[in-house]
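Numbers for residues simply follow the sequence, beginning at 1. Hydrogens, waters and symmetry mates are skipped; everything else that's a heavy atom, side chains included, is used.
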Amino acid sequence: MESLKIIFLVALFIIFYSYLGYGILLFVIVKIRRLFGLGKPFTGNEDYEPEVTLFVAAYNEKDYLAEKVANSKSLNYPSEKVTQLWVTDGSDDGTPNLLKAYKDVEVLHHDERAGKIAAMNRGMKYVKTPIVIFSDGNTNLGKDSIKEIIRLFRDPEVGCVSGEKRIYSKDVDSAAGAGEGMYWKYESQLKKWDAELYSVVGAAGELFAIRTELWQEVEKDTLLDDFMISLRVAMSGYTIQYNPEAYAIENASANVKEELKRKVRISAGGIQSVIRLSPLLNIFKYGTLSFQYISHRVLRWTLTPLFLLLIIPINFILAYNEGFFEFGLYSLLAWGQILFYTAALLGWFLENRQIRLKILFIPYYFFIMNLSVFLGFERYMKGNQSVNWERAQRGSNTTKVVA
């Protein structure tokens, strides 16, 4: 029984650390560093305003391209210094021809659909500017996004800058929309602290930029292109910084089923990334970057979901031995698990009946996130995850935005 207690407490600690403990530790470290004046000093040229390429790898985006092109032209950055480059490999809905109507948009089209990363590898050969900014075709950028991203590149140690992903929210959200919005709020704060400590561990594909000279061609079967590209920049000795003032806005997934589909793909890509970035697990070589990577990413994609499953039977064995109604440590934790998963189940039940109770969205979304890891692992091991775009259905546009 003692060995079960040790396993249970270790597993519980890893779960807590993955989702809350690391954030608390980051907060404390950052506060202490500020007290001792250990914040990062600003270096670099304040007048740095280079030419940039706004790079969009697109597949069948005819419904979004007019708005995207107009949005890109309206950004607060000298227009003569911005090159819009669209790589439309495999698009068969007229996207390439529609784009060619815009004289100031460069279009690279290839009939074969080989996936987003293949399009990026091909398109990057045509990028001539010192900074390349990647963005999705179905997202709009905040007016000052380019300016805010470039501002951080004034520091020569910065190799990549990630913007913030924001979600359009409705007054009455679905579980997917509300859950995704709350998740990204928390992630945004963690990224701010990560950046202040040393480096963000991964960029948001909706909006991120790198120094063009640091581009490394990525394997054609890569699932999380943004993650692999940005982390390899960091492994080269540069940092990934984060600026929430540079942001991309998109609609939330239409429903939890669509959000689960997106999360499963991300989880499969997470497993793939952990394997391919295995050298980054060497904390003696990469130091703080390894610590951040393991704490913020690796645990969530590997041990934590497994431990969430493992502690259920162990907790109930310990609670039974202690006495379910004695309300000791293990029985209280067991009742807490019952309450949590009941709330998640109730959230699913009400969502399917179009009844929205936001307090239930957190446990429901948390459950979906971790379920996706198991499904993603299964998909990755079977090798049936396509590298082609698999756009999840999105909800309708609204005016309210959730970071």
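- For Ser199 and Thr239, the side-chain atoms include no donor-acceptor pair closer than 3.5 Å.
- Across all non-hydrogen atoms, the minimal contact from Tyr19 to Met369 is CE2-CE, 4.4 Å.
- For the residue pair Lys68/Ser135, the side-chain donor-acceptor check at 3.5 Å is satisfied.
- Taking a 6.0 Å sphere around OH of Tyr126, one finds it holds 12 or fewer heavy atoms contributed by other residues, nucleotides or ligands.
- The CG atom of Leu207 sits 7.0 Å away from the CD1 atom of Ile133 when rounded to the nearest 0.5 Å.
- Using a distance-only test at 3.5 Å, with no hydrogens or angles considered, a donor-acceptor pair links the side chain of Ser290 to the main chain of Asn282.
- No side-chain donor-acceptor contact under 3.5 Å links Asp89 and His109.
- Here the shortest heavy-atom pairing between Val274 and Tyr293 reads CA-OH, 3.5 Å.
- Here the straight-line distance linking atom CD1 of Ile15 with atom CG of Leu20 works out to 11.5 Å at 0.5 Å rounding.
- For the pair Phe153 and Ile131, the minimum side-chain heavy-atom distance is below 4.5 Å.
- Between the Lys143 side chain and the Ser74 main chain, a donor and an acceptor come within less than 3.5 Å of each other.
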Checklist entry - Checking side-chain hydrogen bond (donor to acceptor under 3.5 Å, both in side chains) for the pair Gln337/Asn315: CA distance, chi angles, key distance, verdict? => result CA-CA 9 Å; Gln337 288 207 69; Asn315 192 182; 2.9 Å; yes

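- Using modelled atom types, one finds no donor on one side chain facing an acceptor on the other under 3.5 Å when comparing Tyr365 with Asn370.
- No close placement of the Tyr330 and Tyr320 rings is indicated, their centers lying 6.0 Å or farther apart.
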Checklist entry - Taking it one step at a time, do Val10 and Phe13 satisfy side-chain contact (heavy atoms from CB on, under 4.5 Å)? => result CA-CA 5 Å; Val10 169; Phe13 172 78; 5.7 Å; no

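- Between the side chain of Glu106 and the backbone N or O of Gln84, no donor-acceptor pair lies under 3.5 Å.
- Summarising the geometry of Val201 relative to Arg297, their closest heavy-atom pair is O-NE, 3.2 Å, with the distance given to 0.1 Å.
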Checklist entry - Please walk me through it: do Gln272 and Leu224 pass side-chain contact (heavy atoms from CB on, under 4.5 Å)? => result CA-CA 8 Å; Gln272 181 190 64; Leu224 294 185; 5.9 Å; no

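- Side-chain atoms of Leu345 and Phe349, non-hydrogen and from C-beta on, never get closer than 4.5 Å to each other.
- A donor and an acceptor atom, one from each side chain of Asn140 and Glu67, are located under 3.5 Å apart.
- Gln292 places no side-chain N or O within 3.5 Å of a backbone atom of Val200 that could act as its donor or acceptor partner.
- Inspection of the Thr53 and Thr83 side chains reveals no N or O donor paired with an N or O acceptor under 3.5 Å.
- For the pair Arg113 and Tyr59, the cation-pi test (distance below 6.0 Å, angle within 45°) is passed.
- In this structure, Gln241 contributes its side chain and Tyr198 its backbone to a donor-acceptor pair below 3.5 Å.
- Put simply, NZ on Lys192 and CD on Glu187 are 12.5 Å apart, with the number rounded to the nearest 0.5 Å.
- At least one side-chain heavy atom of Leu99 sits less than 4.5 Å from a side-chain heavy atom of Thr88.
- Among residues two or more places apart in sequence or in another chain, the salt bridge (Lys or Arg N to Asp or Glu O under 4.0 Å) test is passed with Glu148 by Arg151.
- With contacts defined as side-chain heavy-atom distances shorter than 4.5 Å, the pair Arg154/Glu49 does not qualify.
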Next on the checklist: Leu12 vs Phe8, test: side-chain contact (heavy atoms from CB on, under 4.5 Å). Steps then yes/no.
Outcome noted: CA-CA 6 Å; Leu12 193 64; Phe8 176 77; 4.1 Å; yes

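- Checked against Phe208 for a ring-ring contact (aromatic ring centres under 6.0 Å, His included), the options Tyr247, Phe134, Tyr242 give a single hit: Phe134.
- The line from OG of Ser162 to CG of Asn243 is 9.5 Å long, rounded to the nearest 0.5 Å.
- Crowding of Phe367 atom CZ: a count of heavy atoms from other residues, nucleotides or ligands under 6.0 Å not exceeding 12.
- Lys285 NZ: 12 or fewer foreign heavy atoms inside a 6.0 Å radius.
- Aromatic ring pairs are classed by plane angle as parallel below 30°, tilted from 30° to 60° and perpendicular above 60°; the pair Phe340 and Phe366 is perpendicular.
- Nearest heavy-atom pair, Ile240 versus Gly202, reported as atom, atom and distance to 0.1 Å: CD1-N, 3.9 Å.
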Item to check | Intermediate values then yes/no, salt bridge (charged side-chain N to carboxylate O under 4.0 Å, His left out), Lys73 and Asp104 | outcome: CA-CA 10 Å; Lys73 290 182 178 180; Asp104 49 357; 3.4 Å; yes

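- A salt bridge (Lys or Arg N to Asp or Glu O under 4.0 Å) with Glu196 holds for exactly one of Lys31, Arg34, Arg33; it is Arg34.
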Next on the checklist: Checking Thr212 against Ile210 for the side-chain contact (heavy atoms from CB on, under 4.5 Å) test, could you report, in this order, the C-alpha distance in whole Å, the side-chain angles of both residues, the deciding distance, and whether it holds?
Outcome noted: CA-CA 6 Å; Thr212 305; Ile210 66 169; 5.8 Å; no

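- A donor and an acceptor atom, one from each side chain of Ser295 and Tyr17, are located under 3.5 Å apart.
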Next on the checklist: If you apply the rule ring-ring contact (aromatic ring centres under 6.0 Å, His included), what do you find for Phe227 with Trp301, and how did you get there?
Outcome noted: CA-CA 13 Å; Phe227 191 76; Trp301 284 332; 5.1 Å; yes

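- One finds the CG atom of Asn76 at 9.5 Å from the CD1 atom of Ile146 (value rounded to the nearest 0.5 Å).
- Judged by distance alone, with hydrogens and angles left aside, the side-chain atoms of Arg211 form a donor-acceptor pair with the main-chain N or O of Val158 at under 3.5 Å.
- Other residues, nucleotides and ligands contribute at most 12 non-hydrogen atoms within 6.0 Å of the NZ atom of Lys62.
- The structure places CD1 of Ile311 at 12.0 Å from CD1 of Ile14, a figure rounded to the nearest 0.5 Å.
- Residues Asp225 and Val218 are not in side-chain contact: their nearest non-hydrogen atoms beyond the backbone lie 4.5 Å or more apart.
- When all heavy atoms of Met235 and Pro279 are compared, the pair lying nearest together is CE-CB, 4.1 Å.
- In terms of heavy atoms, Asp226 sits closest to Ala203 at OD2-O, 3.4 Å.
- No more than 12 heavy atoms of other residues, nucleotides or ligands shown are found within 6.0 angstrom of CH2 on Trp335.
- No side-chain heavy atom of Thr129 sits less than 4.5 Å from a side-chain heavy atom of Lys81.
- Remark: Asp136 engages Lys116 in a salt bridge (Lys or Arg N to Asp or Glu O under 4.0 Å) (not counting sequence neighbours).
- Centroid-to-centroid, the aromatic rings of Phe291 and Tyr22 come within less than 6.0 Å.
- Other residues, nucleotides and ligands contribute more than 12 heavy atoms inside 6.0 Å of the CZ atom of Phe324.
- In terms of modelled atom types and a separation under 3.5 Å, the side chain of Thr95 and the main chain of Glu61 share a donor-acceptor contact.
- Between the side chain of Ser145 and the backbone N or O of Leu141, no donor-acceptor pair lies under 3.5 Å.
- A heavy-atom distance below 4.5 Å is found between the side chains of Leu65 and Tyr102.
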